[in-house]
Amino acid sequence: MTPLIAGLGSALPDTAEQQSLWDGFFQEHFRGSRLARRVFAGAGVRRRHTVANPIKEDLSGWSTAARMRRFDEEAPRLGHQAVAAALDDAGIGADEIGLLTVATCTGYGTPGLDIKLAGSLGLRPDLRRLFVGHMGCYAALPALGGVADFVAAQGRAAVLLCLELTSLHIQPPTDDPQQVVSHALFGDAAVAAVLHPAAAGLAVVDIAAFTDDTASSHMTWEITDLGFRMGLSPQVPEVLARHLGPVLDDLLGRNGLRRADVQGWAVHPGGPRILDTVADTLGLPPAALQPSREVLAEHGNCSSATLLLVLEEVLAGGLRDGNHVVALAFGPGLTLYAALLRAIL
């Protein structure tokens, strides 16, 4: 029984233009730093979505407890909208869902978001729930693998929700270049996928993972008294370039495919350098990563939710029956995840 992504839905908070964010807040926040100005201008981001626009409210001095309370106020509404949209896109009723999986690294509490959504959406009381926390930008793919395994084994539909409110974790003023980069890139989004055993969509064929623990310090997400703090080394693209080709070729090879057999690429847009590294390492033409660059420009990096936004773009661009899509995401560990998908239309 083949699990398929049968529906996608997203919910986005208010839009904030990148230049307005710089002019109205971050220019002063980073003390007029010329480096920060260049980073914001070169981030590949035109606009982002945010539940906490720093021009209107500065959360940089808030305690982690206060930020978690704000997450609890904002997340259920966005999560409900995204899941409802995905169910509608798939043409599936809430009572058909056997598993709800929620992935986030930006907010925690119990009873958690999964329990609150089960109630607001009217999901079954015998629903299975799974919470995937603090895996970061690549979390959509291991979560997708777990959901697909459930659908294949149980023959029941399931929902994956990736919801990230990165704007809640704005940090105090600093000269740290890694903080400048993260503040120039990240945005908020909620995106849901419905998987079903007997529907048209994107079949989840195979998933691969690779972690280089010698580079574990290159990407971090640290819980502090003032929210969660991103660590992002400039060496990340170099590490990815070493491992990306072998991991991808192994995934394709064990399924009887080569790179030339891939018609669609859904690559997590961690930033312009990440996308350039993927294109150069894999020898991809510019059009292959256009969906990723468009998502980066319109939404920024929304951590785990971003990859599902890119999949929406890939599907909107048109696929034919039997086309193969490769999804790639990267995060702390340093970890690389890859998924092979096939269009069944």
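We use all heavy atoms of the structure for the numbers below, so side chains are in, but hydrogens, waters and symmetry mates are not.
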- Asp225 atom CG, neighbour heavy-atom count above 12 within 6.0 Å: no
- Taking atom types as modelled, is there a side-chain donor on Asn53 or Glu57 under 3.5 Å from an acceptor on the other? no
- Would you say Glu298's side chain and Leu296's backbone share a donor-acceptor pair under 3.5 angstrom? no
- Message: Angle between ring planes, Phe228 versus His169, binned at 30° and 60°: parallel, tilted or perpendicular?
- Response: parallel
- Task: Please report the C-alpha distance between His324 and Trp265 in whole Å, then the side-chain angles of each, then the deciding distance to 0.1 Å, and finally whether the ring-ring contact (aromatic ring centres under 6.0 Å, His included) criterion is met.
- Result: CA-CA 9 Å; His324 289 95; Trp265 296 89; over 10 Å; no
- Measure the spacing between CG of Leu87 and CG of Leu121 and express it to the nearest 0.5 Å. 7.0 Å
- Item | Salt-bridge contact Glu294-Arg46 (side-chain N to carboxylate O under 4.0 Å) | yes
- Arg67 side-chain N/O to Leu168 backbone N/O, donor-acceptor pair under 3.5 Å: yes
- Side chains of His49 and Asp14: do they bring a donor and an acceptor to under 3.5 Å? no
- Short N-O contact, Asp249 and Arg258, less than 4.0 angstrom: no
- Item | Path from Leu248 to Leu307 over hydrophobic side-chain contacts below 4.5 Å | no
- Message: To the closest 0.5 Å, what do you measure between CG (Leu309) and NE2 (His299)?
- Response: 5.0 Å
- Message: What I want to find out is whether Asp95 reaches Arg124 closely enough, with some N-O distance under 4.0 Å, to be called a salt bridge.
- Response: no
- Task: May I ask you to say whether Arg156 pairs ionically with Glu96, meaning some side-chain N is under 4.0 Å from a carboxylate O?
- Result: no
Just list the side-chain donor-acceptor pairs under 3.5 Å for residues 194-210, sequence neighbours left out, or say none.
from: His196; atom 1: ND1; to: Ala198; atom 2: N; distance (Å): 3.0
from: Asp206; atom 1: OD1; to: Arg254; atom 2: NH2; distance (Å): 3.3
from: Asp206; atom 1: OD2; to: Arg254; atom 2: NE; distance (Å): 2.7
from: Asp206; atom 1: OD2; to: Arg254; atom 2: NH2; distance (Å): 3.3
from: Asp206; atom 1: OD2; to: Asn255; atom 2: ND2; distance (Å): 3.0

Would you give me the side-chain donor-acceptor pairs under 3.5 Å for residues 177-193, sequence neighbours excluded?
from: Gln178; atom 1: OE1; to: Leu232; atom 2: N; distance (Å): 2.5
from: Gln179; atom 1: NE2; to: Met230; atom 2: O; distance (Å): 2.3
from: Ser182; atom 1: OG; to: Gln178; atom 2: O; distance (Å): 3.4
from: Ser182; atom 1: OG; to: Gln179; atom 2: O; distance (Å): 3.0
from: His183; atom 1: ND1; to: Gln179; atom 2: O; distance (Å): 2.8
from: His183; atom 1: NE2; to: Gln171; atom 2: N; distance (Å): 3.0
from: Asp188; atom 1: OD1; to: Thr166; atom 2: N; distance (Å): 2.7
from: Asp188; atom 1: OD1; to: Thr166; atom 2: OG1; distance (Å): 3.2
from: Asp188; atom 1: OD1; to: Ser167; atom 2: N; distance (Å): 2.9
from: Asp188; atom 1: OD2; to: Val51; atom 2: N; distance (Å): 2.9
from: Asp188; atom 1: OD2; to: Ser167; atom 2: OG; distance (Å): 2.6

- Linking I/L/V/M/F/W/Y whenever any side-chain heavy atoms sit under 4.5 Å apart, do Leu160 and Ile97 land together? no
- Short side-chain to backbone donor-acceptor contact, Thr104 and Glu164, under 3.5 Å: no
- Please work out which of the three classes, parallel, tilted or perpendicular, describes the rings of Tyr138 and Tyr337, given edges at 30° and 60°. parallel
- Exercise: do Ser60 and Asp58 side chains pair donor with acceptor under 3.5 Å: yes
- Query: How far apart are the C-alpha atoms of Asp176 and Arg229, what are their side-chain angles, what is the distance that settles it, and do they pass the salt bridge (Lys or Arg N to Asp or Glu O under 4.0 Å) test?
  - Reply: CA-CA 11 Å; Asp176 181 0; Arg229 189 175 191 271; 3.2 Å; yes
- Salt bridge check: are Glu74 and Arg77 linked by an N-O gap of less than 4.0 Å? yes
- For the residue pair Phe26 and His29, categorise the inter-ring angle as parallel (less than 30°), tilted (30 to 60°) or perpendicular (more than 60°). perpendicular
- In plain terms, say whether Asp114 and Arg128 are close enough for a salt bridge, that is, a side-chain N and a carboxylate O under 4.0 Å apart. no
